[in-house]
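To start, the structure under review is shown below, and the notes come after it.
Numbered from 1 within each chain, the chains take letters A, B, ... in sequence-line order. Only heavy atoms go into these numbers, but all of them, side chains included; no hydrogens, no water, no symmetry mates.
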Protein chains: 2
Amino acid sequence: MDVTALLMRKLNMRRELSSAACEALAATASTQSEVAAGSILVRDGNDPTPVCSLLIEGLAIRYKITSGGNRQIVAVETPGDFLDLQHLFLKVADHSVEALTPLRVVKIDRAHLRTLALEYPEIGEALWTEALIEASIMREWLANVGRREGRMRIAHLLCELARREEAIGMARRDTLILPLTQEQIGDITGLTAIHVNRMLKALVADGLIEQSGRQILIRDREGLAAAGDFNPRYLHLDQVSAIA
Amino acid sequence: MDVTALLMRKLNMRRELSSAACEALAATASTQSEVAAGSILVRDGNDPTPVCSLLIEGLAIRYKITSGGNRQIVAVETPGDFLDLQHLFLKVADHSVEALTPLRVVKIDRAHLRTLALEYPEIGEALWTEALIEASIMREWLANVGRREGRMRIAHLLCELARREEAIGMARRDTLILPLTQEQIGDITGLTAIHVNRMLKALVADGLIEQSGRQILIRDREGLAAAGDFNPRYLHLDQVSAIA
DNA sequence: CGTACCCTTGAAAAAAATCAACTTAAGTGG
DNA sequence: CCACTTAAGTTGATTTTTTTCAAGGGTACG
């Protein structure tokens, strides 16, 4: 799809864009580019990169490393998310962003995106909403890691990712594409890879899910939601606009 | 101080305000109002309240409750913070906001604040920055709870609050006003009150802090920062504007 | 056909939660 | 001002959860 059209679709969902905003957007779009899996797009402690991107395909993570060398993943980005809206107005990156899989993105000049956010109310509202929903997800993760135990944390994560993938048309209902190692699942949930392994097995043993490679089949949707104390309200899905 | 002057001071720090923006701000400000300790300002699941506030005095917390009845505090707000910027563009509140102490606030109509954020680039930038810094703090908390152990989590929290209080002129360097019960500290750090108690005692025993009622004296600033793996970068202090 | 990298499993150790008293401090109303 | 009440802090013993350590097993890929 045309790059401008993608941006339009992403930003147009909540409000009609003025013609001025449309022109500004058209002036923004370059072409799509590819990013290799494992690439680090933003590095903690550095200036945020001069380019922001709209993620079109693939998964990216945002994370922090503690002095002990432990990693905490603070967000998973799916297609349709803006990479690094979180640093849009900050001078120093406080965490890193990495491509988990090969990505396809639309690069946007960061200074230009700031201008779009400030000068065009329709675009500003869309970007605000995006950023606030990402913060909302982080709050839920904080509650998940801080106040639920292992099994529940993982069940919750699976529910969230399944719902998000469903919302953007990435996976079918009750199917979850999970290109994460068990170590990475641990880095999201604050557990060790070994414990993640055991808890996943427990969920399988309880008939809630089924594993087949990097895909998960949700056998008991209700049960998994209950096991994970999952309520999708925090995803604010009615305010999310898909690009697909 | 005059309410308009407070708002000006808060929003003016990063950019010169245009006269139009100044007028819009002047039209915003009502009077200061008081909020009793324990009042719930925003309730999870409800519409976010029609009023947003600039916190002038006192402390407020934002929190979520899990199905097990456990509470996770996701933010502590200090004077100079906007209460509930996080819900500014969201339709449903995904967490609650509560006054921890008696508060003094300047109420701002939520719809009006949205307009200010979108129509006046100087104000928009200030509010964006505020919201993004709050998200940055949440990321650090997530890493704290997910990837550090008890003693470290608490040391980290003490360092953060001390630094933030110092930045806004609320407490002197090496002194920390901590109007939190040990249970509330646990709700921030993902620990039980009992464990918080033991870890605090450990920090005292190690000569890092001294307790005197609801105040804490930091005896060894460097040592506490090391014990808490604390690096203030994520606070983006150079981008924060104080009202005091 | 190695060689990574990931997954799996068991046993032991550590961290944190739970359970159960008990102490201190801070009001409140007589 | 004192007895009473309630919330918060303290401490020890026990249990649960999670991590750590250790060792195999599977699989993809050059």
Pairing residues for [X] by the side-chain hydrogen bond (donor to acceptor under 3.5 Å, both in side chains) criterion, not counting sequence neighbours:
| X | result |
| --- | --- |
| B:Glu130 | B:Lys10, B:Arg14 |
| A:Lys64 | B:Glu140 |
| B:Arg151 | B:Asp206 |
| A:Gln215 | none |

Just the endpoints, please: which first and last nucleotides of DNA chain C, 5' to 3', lie under 4.0 Å from a heavy atom of chain A?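 The contact span of chain A on DNA chain C goes from C:dC6 to C:dA11.
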Any side-chain donor paired with an acceptor under 3.5 Å for A:Tyr63 and A:Gln72? no
Which pairs with one or both residues in residues 189-199 of chain B pass salt bridge (charged side-chain N to carboxylate O under 4.0 Å, His left out), sequence neighbours excluded?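 Output for this query is empty, none listed.
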Per the ring-ring contact (aromatic ring centres under 6.0 Å, His included) rule, what does the pair list look like for residues 187-209 of chain B, sequence neighbours excluded?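 Every pair satisfying ring-ring contact (aromatic ring centres under 6.0 Å, His included) with a residue in residues 187-209 of chain B: there are none.
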Calculate the interatomic distance between A:Met152 atom CE and D:dT17 atom C1'; express it in whole Å.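 Whole-Å distance recorded here is 15 Å.
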Given atom CD of B:Gln211 and atom P of D:dG9, what is their separation to the nearest angstrom?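 To the nearest whole Å, that distance equals 9 Å.
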Residues 36-53 of chain B vs side-chain hydrogen bond (donor to acceptor under 3.5 Å, both in side chains), sequence neighbours excluded, gives A:Arg233-B:Asp44
Near DNA chain C, under 4.0 Å by heavy atom, which residues of residues 174-187 of chain A? A:Thr181, A:Gln182
Using five base pairs at each end, measure the axis-to-axis angle across the helix from C:dC7-D:dG24 to C:dG30-D:dC1 and round it to 10 degrees.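 The value is 40°.
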Has A:Arg153 got a side-chain atom pairing as donor or acceptor with A:Val145's backbone, closer than 3.5 angstrom? yes
With a 3.5 Å distance limit and no angle check, can you tell me whether B:Thr189 reaches the backbone of B:Ile185 through a side-chain donor-acceptor pair?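 Yes; at least one donor-acceptor contact below 3.5 Å.
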Can you name the salt bridge (charged side-chain N to carboxylate O under 4.0 Å, His left out) partners of B:Lys91, sequence neighbours left out?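 Here the qualifying residues are A:Asp238.
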Between CG of B:Leu161 and CG of B:Leu176, what distance do you get to the nearest 0.5 Å? 6.0 Å
Can you check each nucleotide of nucleotides 18-30 of chain D against protein heavy atoms at under 4.0 Å and return B for base, S for sugar-phosphate only, - for none, in 5' to 3' order? SBBBB--------
Would A:His156 and A:Tyr234 count as a close aromatic pair, with their ring centres under 6.0 Å? yes
